[in-house]
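What you see is a predicted model; the values in this text were computed from it and never measured.
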Amino acid sequence: MIRYVLLVFLGACSYGVLSTFVKLAYHSGFVVNEVSGSQMLLGAVMSWIPALLLSRKKATRKQWLLLLGVGLTVGATGIFYYAALQYVPASIGIVLLFQFTWIGVLIEAVTERKPPEADKILALVLLMAGTILAGGILGSEWQHVTLLGIVLGFLAAISYALFILFSGKTAVTVDPWKRSAIMATGSVMLTFVVFPPEFLINGALFEGLLMYGFPLALFGVLIPTILFNVGVPKVGGGLATILSAAELPTAVFMSAFVLQEQVSGLQWVGVGIILLGISVPEIYRTRTSRRVVKIEPRT
């Protein structure tokens, strides 16, 4: 179990790397259409290489359609989130996105008709408190927040929660390599509908965009999708959404040590609280297992 927990955790950390490369790309003069489009296109290409080399079993038409649908949630998350940032400050945008934690647990509870366990509720409380601090929301300018921005942020959170949940339940008999490739295909299809790939004809891809698109595709498409496809079916969607909160601490670490941005003491406290919240379910599981072993009758 711990192996799959670690895979999901590392997948979330991989997503946390993205904001650093996005900021570097914007600083170099590239725009959201180019950054998002190159990420998804290169991610799809990179995902199909191991799928074609390592995957032997074919997916059925139904499995293709289902996995393409899951890929749409990945593309929708990026589209909604990038759109939200046009109407709300970045600190509030990240907090809105991180509502996926309780949304994912709620969806799992409704679909499985079972209330969330006490450890998950405690983890969610810690995650929300940590997210507010780590995201720097206390110093945000609330007068710049619009209702449209809040709605778009929540839509991004819902899309991300659906991706995490569906990645653990959709066409699980298909090997992870092919599942990831088909999902990436669905993601790039939706992205190109919203953001036409002008970078393919205006020369931007080979004028510096590739330098940012490649790591964005690696850490934002290939690695996390593979890790989620392997880990989420084993740990469950509810726990996976909690583990996925590791994205924000990773983003804060990257901002501080790579971009050399100033991170306040409250933000570091928030990072610590998030990490504590992520560890709560595993601590609870370990303590429960030990308690069961102790009360087993001796023979």
For this session: Give a yes or no on whether the backbone of V105 and the side-chain of E108 come within a donor-acceptor separation of less than 3.5 Å.
Result: no
Problem set entry | Beyond-backbone contact of L97 with T77, side-chain heavy atoms, under 4.5 angstrom | yes
Exercise. Any side-chain heavy atom of W268 within less than 4.5 Å of one from F253?
Worked result: yes
Exercise. Is a side-chain donor-acceptor pair under 3.5 Å present for Q63 with T173?
Worked result: yes
Exercise. Should we say atom CZ of F30 is surrounded by more than 12 heavy atoms from elsewhere, each under 6.0 Å from it?
Worked result: yes
Exercise. Can you check whether L152 reaches L148 side chain to side chain, under 4.5 Å on heavy atoms?
Worked result: yes
Problem set entry | Pairwise distance CG(L72) to CG(L67) - rounded to 0.5 angstrom | 11.0 Å
Exercise. Any idea which heavy atoms bring S167 and V70 closest together, and the distance?
Worked result: N-CG1, 4.4 Å
Exercise. Which atom names give the shortest non-hydrogen contact between P50 and L222, and what distance separates them?
Worked result: CG-CD1, 4.5 Å
Exercise. Shortest non-hydrogen contact from P116 to A109?
Worked result: CD-CB, 3.9 Å
Exercise. Which atom names give the shortest non-hydrogen contact between L239 and P281, and what distance separates them?
Worked result: CD1-CB, 3.5 Å
Exercise. Are the side chains of L18 and M254 in touch, meaning some heavy atoms are under 4.5 Å apart?
Worked result: no
Exercise. Hey, does the side chain of S180 reach the backbone of P176 with a donor-acceptor pair shorter than 3.5 angstrom?
Worked result: yes
Seminar exercise, completed: From the list F154, Y81, F80, F100, ring pair (Phe, Tyr, Trp, His ring centres under 6.0 Å) with Y160 holds only for F100
For this session: Quick one: sort the F228 and F163 rings into parallel, tilted or perpendicular, breaks at 30° and 60°.
Result: parallel
For this session: Examine distances only and state if a side-chain atom of K178 and a backbone atom of K57 form a donor-acceptor pair shorter than 3.5 Å.
Result: yes
Exercise. Does the side-chain hydrogen bond (donor to acceptor under 3.5 Å, both in side chains) test come out yes or no for Y212 and S28, once each step is laid out?
Worked result: CA-CA 10 Å; Y212 303 108; S28 297; 2.6 Å; yes
For this session: List in chain and number order the residues that pass ring-ring contact (aromatic ring centres under 6.0 Å, His included) with W177, two or more places apart in sequence or in another chain; answer none if no residue qualifies.
Result: none
For this session: Decide whether V74 and V174 are clustered together by the hydrophobic rule: side chain heavy atoms of Ile, Leu, Val, Met, Phe, Trp, Tyr closer than 4.5 Å, transitively.
Result: no
For this session: Taking atom CZ of F214 as the centre, report whether more than 12 heavy atoms of other residues, nucleotides or ligands fall under 6.0 Å from it.
Result: no
For this session: Check whether any side-chain heavy atom of S19 sits under 4.5 Å from a side-chain heavy atom of E247, and report yes or no.
Result: no
For this session: Check whether any side-chain N or O of S187 sits under 3.5 Å from a backbone N or O of M183 as a donor-acceptor pair, and report yes or no.
Result: no
For this session: Under the side chain to side chain contact (heavy atoms under 4.5 Å, CB included) rule, collect the residues that match up with M189, sequence neighbours excluded.
Result: L68, T185
Exercise. So do the side chains of T101 and T131 get within less than 4.5 Å of each other, counting heavy atoms only?
Worked result: no
For this session: Looking only at non-hydrogen atoms, find the nearest pair between I278 and A245 and report the distance.
Result: CD1-C, 3.8 Å
Problem set entry | Shortest non-hydrogen contact from V22 toward Y82 | CG2-OH, 3.9 Å
Problem set entry | Residue pairs fulfilling side chain to side chain donor-acceptor pair (under 3.5 Å) with at least one residue in residues 230-246, sequence neighbours excluded | none
